[in-house]
Visitor: 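What follows is a structure written as structure tokens; I'll ask about it next.
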Amino acid sequence: MEAMLQPVADLFGPSWPAVWTLIKIVAIVAPLMGAVAYLTLAERKVIGYMQVRIGPNRVGPKGLLQPIADGVKLLLKEIIVPSGSNKGLFILGPILAIAPALAAWSVVPFSEGLVLANVNAGLLLLLAITSMEVYGVIIAGWASNSKYPFLGSMRAAAQMVSYEVSMGFALICVLLISASLNLTDIVHSQGQGRFHDMGLSLLSWNWLPLLPMFVVYLISGIAETNRAPFDVVEGEAEVVAGHMVEYSGMTFALFFLAEYANMILVSILTSVLFLGGWLSPFGFLPDGFHWLALKTALILFVFLWARATFPRFRYDQIMRLGWKVFIPVTLIWVFVVAVWMMSPLSIWK
Amino acid sequence: MEFKTFVFYFLAAIMVVAALRVITVRNPVHAALFLVLTFFNAGGIWLLLQAEFLAITLVMVYVGAVMVLFLFVVMMLDINLDRIREGFWSYLPVGALVGVLMLIEMVMVLGGRYFGLDAMPVPPAAQAGFSNTRELGRVLYTDYVYPFELASLVLLVAMVAAVALTLRKRRGVKYINPSDQVAVKREGRVELVKMAAEKE
């Protein structure tokens, strides 16, 4: 690969590393945007079938061009800036929503060595970037200078800060047992152990010894991305569309893209941290990116399934679940895992 | 000019301007957002020093949590800036005194012979595989474990105090306990009564 690209590299001279990184970024973001577009279609189809409907089926064969039509529609619509709004921040809101959602992908490993930035403190960096996602929502809600967006952004701020804590504790358990913050190392640490030697790698992944943390992480992930049943931020029946009420056209589409990119991010992270990343579930099958894609798709299906199944939480019960259930459970489990690791019964030697 | 120097001056310039804007801008929400920008650039400068743990933690804790709550409060307050500015001239001497004292202290520490290049030589370049996070963790949990635990206790006490200060028993609040709701059995709510048919 390197030798093949040498003539191109000579053409660009010293700016080649920057150009090469840009190419890699495009290679990650372009398929991601495609995945986001078709996730919206999948969501409408899956929920449609669960409610005994057909879902979109008019644009293109079997409705397959629906996301393209939606995208074109949003691109061509006028962007309306409310006269009473704070104009600079009103435009900054959607930008701050999409930027962290894309930046977080820089440290996600897709396969052996297939990662944009193999950072040592990758997990910490991810936590830092994802903790900034809330700014887009808060700024959008405040800059709109309108009641419902403001209520929505207040809800978002409280909810995301609350669930970040339990998410962080779940991650502490993972990094305790893998003794690393590097996401590639975390995947490698799941490909060893007694079950792995028996050919059942499936059972040596983190989800089994950390089952409560796996559940907490997944539910906190749904809450962090403001998806149903935790979607009080944009609960239609209560605050119309929360922080997105005043947005139209492409500015609205950016919030939409950010939400779905975050959904895929949480799913791929759950696969990397708890479900063995690109490792194959059985010893006789080869590892590869397709396993990661499959696991991510499975968790995304759980996201859609939950949306079609559960009614929306009441706001005070969301707070109760976060602070009074998840945080005590995760705190105790961090302690349990630490003691387990130091005891003779440890399975992570 | 080396590329790294350029990055440093770029981050430092944005940071100084943003820090100045925090105290000069009229809107408190804008001030809070400029403070976020300042923290972010400070994190960038720490990254240049290969202190990635400190940099990421700064962004995670201050930008991701503290400033979010700060914004949360500032947005809901109706702050009258003109009333706050009224006392500007009367407070100026005290503020100036504190500022000058801090300036003198900083000059004494940074300009003195304790901090010069001869007293503190440039640390040797990090070897391959050096992890700032690992080294910090090792020192923090071995050599400095007691001060570290003590600091965490101080924080815990502050948290408990904050809760205790605002805690009050309110009467007549219609509070719903979700676990009671979940524990409800059919027998507690529905009673099936068998009665003979009544004839007119």
Side-chain angles (χ1 to χ4, degrees), chain A residues 14 17-18 86 88-89 92-93 96 100 103 107 119-135 137-139 141-143 145 149-151 153-162 164-165 167-168 171 175 179-182 185 313-314 316-321 324-325, chain B residues 3 25-30 32-37 39-40 43-44 46-47 50-77 126 128-137 141 163 173-182:
Chain A
N86 192 319
L89 289 183
L92 190 68
L96 276 186
V107 288
V119 187
N120 253 338
L123 201 59
L124 262 181
L125 191 65
L126 259 175
L127 265 178
I129 294 175
T130 50
S131 72
M132 287 176 55
E133 272 159 13
V134 69
Y135 277 100
V137 177
I138 297 186
I139 290 176
W142 184 78
N145 194 13
F150 190 64
L151 280 175
S153 71
M154 289 288 115
R155 287 176 167 197
Q159 180 178 332
M160 286 170 104
V161 168
S162 312
E164 231 157 57
V165 182
M167 222 170 176
L171 292 183
L175 67 94
S180 173
L181 282 166
N182 184 313
D185 289 348
F313 261 107
R314 218 173 57 202
D316 60 320
Q317 294 187 346
I318 290 183
M319 284 295 143
R320 177 183 168 273
L321 183 71
K324 293 192 175 172
V325 179
Chain B
F3 182 63
V25 86
R26 292 191 69 87
N27 191 325
V29 172
H30 290 183
L33 288 173
F34 273 117
L35 194 53
V36 169
L37 187 62
F39 280 139
F40 205 78
W46 275 351
L47 267 186
Q50 299 185 329
E52 83 263 8
F53 181 76
L54 285 178
I56 296 173
T57 317
L58 180 79
V59 171
M60 197 165 74
V61 173
Y62 282 92
V63 176
V66 174
M67 288 315 291
V68 173
L69 297 177
F70 224 86
L71 265 179
F72 189 90
V73 174
V74 164
M75 279 178 182
M76 287 202 287
L77 293 179
F130 172 83
S131 166
N132 174 249
T133 316
R134 191 176 284 274
E135 292 306 314
L136 260 181
Y141 285 100
V163 172
V173 180
K174 288 181 180 164
Y175 179 71
I176 303 165
N177 187 353
S179 32
D180 286 353
Q181 287 182 311
V182 174

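Just so it is clear: chains get the letters A, B, ... in the order the sequence lines come, proteins before strands, and each one is counted from 1.
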Visitor: Please classify the contact of A/Ala179 with chain B as side chain, backbone, both or neither, using a heavy-atom distance under 4.5 Å.
Guide: backbone
Visitor: Can you say whether A/Glu164 sits under 4.5 Å from chain B via the side chain, the backbone, both, or neither, judging by heavy atoms?
Guide: side chain
Visitor: Contact part of A/Ile129 toward chain B, heavy-atom cut-off under 4.5 Å: side chain, backbone, both or neither?
Guide: neither
Visitor: Assess whether side-chain contact (heavy atoms from CB on, under 4.5 Å) is satisfied between A/Asn86 and B/His30, documenting all intermediate values.
Guide: CA-CA 10 Å; A/Asn86 192 319; B/His30 290 183; 3.0 Å; yes
Visitor: Using a heavy-atom cutoff of under 4.5 Å, enumerate the residues of residues 57-64 of chain B that contact chain A, numbered in order, or state 'none'.
Guide: B/Val59, B/Met60, B/Val63, B/Gly64
Visitor: How far does CG of B/Leu71 sit from CD1 of A/Ile139, to the nearest 0.5 angstrom?
Guide: 7.0 Å
Visitor: Give the minimum heavy-atom separation between B/Phe72 and A/Ala157, together with the two atoms involved.
Guide: CD1-CB, 3.6 Å
Visitor: Could you tell me which residues satisfy salt bridge (Lys or Arg N to Asp or Glu O under 4.0 Å) with A/Arg320, sequence neighbours excluded, listed by chain and number?
Guide: none
Visitor: How about B/Phe40: does its CZ atom have over 12 heavy atoms from other parts shown lying under 6.0 Å from it?
Guide: no
Visitor: With rounding to the nearest 0.5 angstrom, report the CH2 to CG distance, A/Trp142 to B/Leu33.
Guide: 8.0 Å
Visitor: For the interface with chain B, which of A/Thr130, A/Val134, A/Ile138, A/Val119 has the highest count of heavy-atom pairs at distances below 4.5 Å?
Guide: A/Ile138
